[in-house]
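Contents: one structure, followed by commentary.
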Amino acid sequence: MTLKLYDTMAREKRDFVPADPGRVTMYVCGPTVYNHAHIGNFRPVVVFDVLFRLLRHVYGEDAVVYARNVTDVDDKINAKATAEGVEIKVITDRYLAAYHEDAAALLTLPPSLEPKATEHMGPIIEMIGELVANGSAYAAEGHVLFDTQAFPDYGQLSGRDLDDMIAGARVEVAPYKRHPADFVLWKPSKENEPEWDSPWGAGRPGWHIECSAMIDKTLGQTIDIHGGGIDLAFPHHENELAQSRCAHGAPVLANYWLHNGFLDMAGEKMSKSLGNVIIPHELLKTTPGEAIRWALLSGHYRQPLDWTPELIEQSKKALDRLYGALRRAKTVEAGESEPSDEVMAALSDDLNTPLAVSGFFELSSAIERAVTAGDELAITANKGRLLASAGLLGFLQADPDSWFEGDADDDLKAKVEDLLARRIAARTAKDWTAADAIRAEIDALGVVVMDGPAGATWRMKD
Ligand SMILES: Nc1ncnc2c1ncn2[C@@H]1O[C@H](COP(=O)(O)OP(=O)(O)OP(=O)(O)O)[C@@H](O)[C@H]1O
Ligand SMILES: [Zn+2]
């Protein structure tokens with residue numbers, strides 16, 4: 001099945017053909033670690049995790065190299081460190097650890113590589129030197145700037161031209177810039193801020209050059225896929241592309257540019273500057289990570305996605321239905337299986353995750369029918385297919401009981417099982433008073449009992 005991906009540069013869906021199927025390369029711009037990331041920031045993390053899983057499925061697990069960087073040099077990090085009176089590493093370590101925890105709770109695989117800007121100062125300075133040497137950049141007043149007029153393709157990715165950028169430059173342009181669109185590769189640090197030595201004086205790199213240098217070091221001069229949120233297309237990716245191509249004299253930085261749409265709240269982009277953020281760190285206290293992941297994948301990745309309480313409720317219900325079918329089929333082993341053709345076709349069409357998940361319900365209905373009919377062969381086959389299909393998107397890999405029982409501890413589980421057994425005994429003895437009293441006891445534990453043909457099951461209340 002041919003994978004088609006929408007390429008921002010070509011402005012259309014294109015067949016995905018890696019330069020080397022034995023080493024498929026993908027780079028996604030990662031977090032600036034100065035604060036807890038919000039669920040909008042996790043949209044690209046989850047979306048590109050699905051692409052990573054799909055590529056691994058198609059090309060082989062060892063054939064895909066996925067790098068997601070960590071921006072650990074940044075003005076906002078400096079400001080936070082100064083405010084707390086600590087070294088920047090205290091801040092970046094703290095928020096990177098939280099990011100890893102949240103990413104794991106959202107069931108994302110760790111990327112193959114996680115380069116950090118602070119560990120790539122040598123390559124960053126080297127790349128700036130190459131740009132200065134070949135006339136693509138100039139030094140001025142302790143800064144080094146990229147000379148946008150020296151690169152005729154500047155603006156190609158985002159569809160802007162330099163004249164519009166002059167007209168659009170409302171902010172005061174720094175006097176050392178030759179053109180308002182020229183951007184910083186290196187700048188002096190402020191007092192008490194971390195700095196690194198360079199041929200242009202002590203200072204620190206700009207954000208864009210960090211990614212260009214890390215792509216080069218970790219993946220190579222030309223990569224297959226470059227991803228991030230749509231807000232990064234300009235200026236960040238436009239600038240990365242300009243720097244990398246000029247440094248290497250290469251015609252292309254990435255063969256496919258992928259951008260996810262925004263996660264919105266009431267029609268506005270979720271963003272730290274607007275203050276309308278929900279952070280997984282908090283949300284995970286009340287909502288399973290799998291349900292948050294489901295919500296993030298419930299819309300097509302290029303469309304805006306509105307975050308509402310209903311979206312989370314619907315996501316939990318969808319997973320209840322699927323895990324419910326798996327629990328009813330618990331005693332029958334799943335067969336070995338490939339993902340279903342429908343799910344593969346949906347994902348291969350520019351990662352159509354809403355269509356892919358709708359395919360899960362056909363499989364869970366087939367399981368339910370097979371359980372009712374007592375058809376073990378059909379249970380085995382459909383269960384295997386559902387687990388393989390959903391696994392490709394990172395879903396349904398937990399024990400169905402643990403989905404329903406949530407974070408109930410072993411003591412509580414034993415107590416509930418004991419009460420359920422006593423309730424059956426009371427009912428069998430037609431002692432309705434005792435059965436009602438037991439039911440009230442179960443209720444007081446925060447547990448909901450669901451009676452079904454195969455006996456009673458239970459779950460924690462929301
Ligand atoms: N509301 C959103 N919806 C989808 N993706 C987003 C959203 N906000 C940020 N992103 C993406 O999150 C990733 C990490 O971005 P980064 O850590 O630089 O945060 P940011 O863009 O500064 O966030 P904010 O705008 O809230 O300050 C980028 O790929 C960015 O495009
Ligand atoms: Zn980047």
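Owing to the predicted nature of the structure, the values given are computational and were not obtained by experimental measurement. All ligand and atom numbering here is 1-based and tracks the order in the structure.
A donor-acceptor contact under 3.5 angstrom links the side chains of N134 and S136, judged on distance only. Side-chain contact of Y176 with H143: a donor-acceptor pair under 3.5 Å is present, judged by distance alone. A donor atom on one side chain and an acceptor atom on the other are found under 3.5 Å apart for H100 and E114. For the 3.5 Å distance criterion, the side chains of S212 and Q243 qualify, holding a donor opposite an acceptor. Of the N and O atoms on the side chains of D74 and T32, not one donor lies less than 3.5 Å from an acceptor on the other residue. Y154 and D161 share no side-chain donor-acceptor pair at under 3.5 Å.
The closest protein non-hydrogen atom to atom 28 (C) of ligand 1 is L232 CD1, 3.7 Å. For atom 29 (O) of ligand 1, the closest non-hydrogen atom of the protein is G229 N, 3.0 Å. Nearest to atom 17 (O) of ligand 1 among the protein's heavy atoms is T32 N, 3.3 Å. Considering only non-hydrogen protein atoms, atom 5 (N) of ligand 1 sits nearest to G40 O, 3.0 Å. Among protein heavy atoms, the minimum distance from atom 30 (C) of ligand 1 is reached at D231 OD1, 3.5 Å. At the top of the distance list for atom 20 (P) of ligand 1, counting protein heavy atoms only, stands N41 ND2, 4.0 Å. With respect to atom 13 (C) of ligand 1, the closest heavy atom belonging to the protein is P44 CG, 4.0 Å. Residue, atom and distance of the protein heavy atom nearest to atom 8 (N) of ligand 1 are K269 CE, 3.3 Å.
In this pair, W257 and H237 present their aromatic rings tilted. The plane angle is within the 30 to 60° band.
Residue contact check: H38 has heavy atoms under 4.0 Å from atoms 8 (N), 23 (O), 24 (P), 26 (O) of ligand 1. Counting the atoms of ligand 1 from 1 in the order shown, those under 4.0 Å from a heavy atom of P31 are 17 (O). Taking every heavy atom of S271 and a limit of under 4.0 angstrom, the matching atoms of ligand 1 come to 24 (P), 25 (O), 26 (O).
When distances to the Zn ion (ligand 2) are checked against a cut-off of 2.8 Å, C211 contributes an N, O or S atom below that limit. Residue H236 counts as close to the Zn ion (ligand 2), with an N, O or S atom under 2.8 Å. Residue side and main chain included, E240 places an N/O/S atom under 2.8 Å of the Zn ion (ligand 2).
Every N/O-N/O distance between F262 and ligand 1 stays at or above 3.5 Å.
The shell of residues lying under 4.0 angstrom from ligand 1, judged by heavy atoms, excludes H259. For the pair G261 and ligand 1, a heavy-atom separation below 4.0 Å is found.
Between D350 and K4 there is no salt bridge, since no side-chain nitrogen of the basic residue lies less than 4.0 Å from a carboxylate oxygen of the acidic one. The existence of a salt bridge linking K13 and D349 is confirmed by a sub-4.0 Å separation between a basic side-chain nitrogen and an acidic carboxylate oxygen. Salt-bridge check for D264 with R43: failed, with every basic side-chain N at 4.0 Å or more from each acidic carboxylate O.
F183 and H208 have their aromatic ring centers within a separation under 6.0 angstrom.
The NZ atom of K316 sits 11.5 Å away from the CG atom of L311 when rounded to the nearest 0.5 Å.
When R68, K272, M270 are ranked by how near their heavy atoms come to atom 27 (O) of ligand 1, first place goes to K272.
At a heavy-atom distance under 4.0 Å, only side-chain atoms of N260, from C-beta outward, approach ligand 1.
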